[in-house]
Every structure is written in C-alpha cells, then in structure tokens.
Amino acid sequence: MSAVSRRAGRFSAGRAEEAQRRLGALVEIRELPSFPPRVVAGVDVHYEGSRACAAVAFLEYASLRELKTTTALSYSPLDYFPGFLAFKEAPAIFKALERCEKPDVLLVNGHGVCHPRGCGLATHVGVVEKVPTIGVALGPLAGARPGSFAKIERGQSSLYVSVGNLITLEQAEKVVRRLLAPESKLPLPLYLAHRAARLAARSRG
DNA sequence: GCGACAG
DNA sequence: ATCTTGTCGC
C-alpha cells in the first residue's frame, strides 16, 4: 500500500477485528416488533475526494411513497479494506442518523452477519444504533459464514441479504423483495439514498 | 508472482 | 467506491 494513496491512518486490523467480534456478539436475531414495518429507510455514503456525504432516504413501506431524505457531510477517514467497510463508512452514517428519527427498519449497503466475524457494516450500524438493520450487497464477502444470508437472483446480478440486527433473515428477505425496483439493482431505499448522497455531495460540496 | 474479498 | 468513451451483447 502506497503511503500517499492509501489513508490507513492509525487503523489497526487487530483492534478492528476485536471490535467487530465484540459488536457481533451483541447481535439480536428476532422478529420485528411489528410486521410489516410502516416506515423503512436506506442509507448510503458517497465520496468526493476526502469528503463524504451520507444520505438516509425514508419510504412508507405500504405505498412505497418517498417521505423525506436526510443528508450529512463529513470527512472520509479511511480507505476501504475488505472486511472492514464499517470503519470507512459508519462514522458518516452515524452523523446522518443523528439528524433524523429512526425508521422501523434500515437497509444498509453492505453485509450484516454474513461476514467473517459476524459484523459487517449493517450489523455494526444496527448494534451501535440499536435499530433493526438489513444488509444488502451485490457480491459475497470471502470468509463469510455459510448459511448466514439469502441470495436473491436478479437476471445479471444477485443480491446478498443478511440480518444486520433486530430482525430475522426471513423477514429481511421479505422486506428486500418487496422493495425491489426495476430501475435499480439495489432495493428502492438504497437506490434513493445512493442518488441523494451523490447529489448532496455535489451541490453542498 | 498470482489472485482477490461488501463499498 | 472512483477514474471515464465507446462498445460488445442480449
């Protein structure tokens, strides 16, 4: 890794793995208190150089009506390392989540418990924020625990759905299937969050 | 040296 | 993820 192109900072893989095992042990796999959920949201982060912009897009589950979007500009602290996405994206996500109410369930662009240490980005966010989360990724992660995800085949691509926190895999898959949109590989809330984060990073950067 | 593993 | 036009394939 070249010192100029990779911002590793004080990142220590050993300490990060320990944190992931600690958070992963706190995951609670259980049914949502109320199903189907009323309000769902998706969160995504867009990067412009060293700046980061997180967006949370809210939808009414029954109607798929867009409710609102919350964004937050922040600083991108770290490059991406496989297995450690949360240490790059979670800080920006936390800042955006501070600015809005919690949805009944939050979709996150990344894996949940389908992760070598049972703590992908969706789990990291769900455990820290104590909010139900679903991990949605376009590809598998090497070393992930077998049987910890549902694979949704979608023509060219596939979706890997896993529990983030406070939901069951069965409910997570139902929610994702309901939110699939023809205009995007990702479910609607993540598609909207993705677009909102990019727009906000450009207009408010 | 080759291969590769969310975003 | 991001750099970025045309191009191959259904």
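In the text below, chain A, chain B and the rest are named by the order of the sequence lines, each starting its count at 1.
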Asker: Calculate the interatomic distance between A:Y80 atom OH and C:dA1 atom P; express it in whole Å.
Answerer: 11 Å

Asker: Check the phosphate of B:dG7 against A:Y47, side-chain N and O only, distance under 4.0 Å to OP1 or OP2. Yes or no?
Answerer: no

Asker: What is the distance from OH of A:Y191 to P of B:dG7, rounded to the nearest Å?
Answerer: 17 Å

Asker: Can you tell me how far P of B:dA4 sits from CG of A:L138, to the nearest Å?
Answerer: 19 Å

Asker: Please report the distance, rounded to the nearest Å, between CZ in A:R202 and C1' in C:dT2.
Answerer: 15 Å

Asker: The side chain of A:D44 is closest to which nucleotide in this list: B:dA6, B:dC5, B:dG7?
Answerer: B:dG7

Asker: In whole angstrom, give the distance that lies between atom CZ of A:F149 and atom C1' of B:dC5.
Answerer: 13 Å

Asker: Atom CG of A:L190 to atom P of C:dA1: distance rounded to whole Å?
Answerer: 12 Å

Asker: Provide, to the nearest angstrom, the distance between the CD atom belonging to A:E48 and the P atom belonging to B:dG7.
Answerer: 19 Å

Asker: C:dT2, B:dA6, B:dG7: which one has an atom nearest the side-chain heavy atoms of A:H46?
Answerer: C:dT2

Asker: For A:H46 and A:A201, work out which heavy atoms get closest and say how close.
Answerer: CD2-CB, 3.7 Å

Asker: Any salt bridge linking A:E170 with A:K174? Criterion: basic side-chain nitrogen under 4.0 Å from a carboxylate oxygen.
Answerer: no

Asker: Closest to the A:H115 side chain: B:dG7, B:dC5, B:dA6?
Answerer: B:dA6

Asker: Report the distance from atom CD of A:E31 to atom CD of A:Q171, rounding to the nearest 0.5 Å.
Answerer: 4.5 Å

Asker: Could you give the CG-to-P distance, from A:N109 to C:dT2, as a whole number of Å?
Answerer: 11 Å

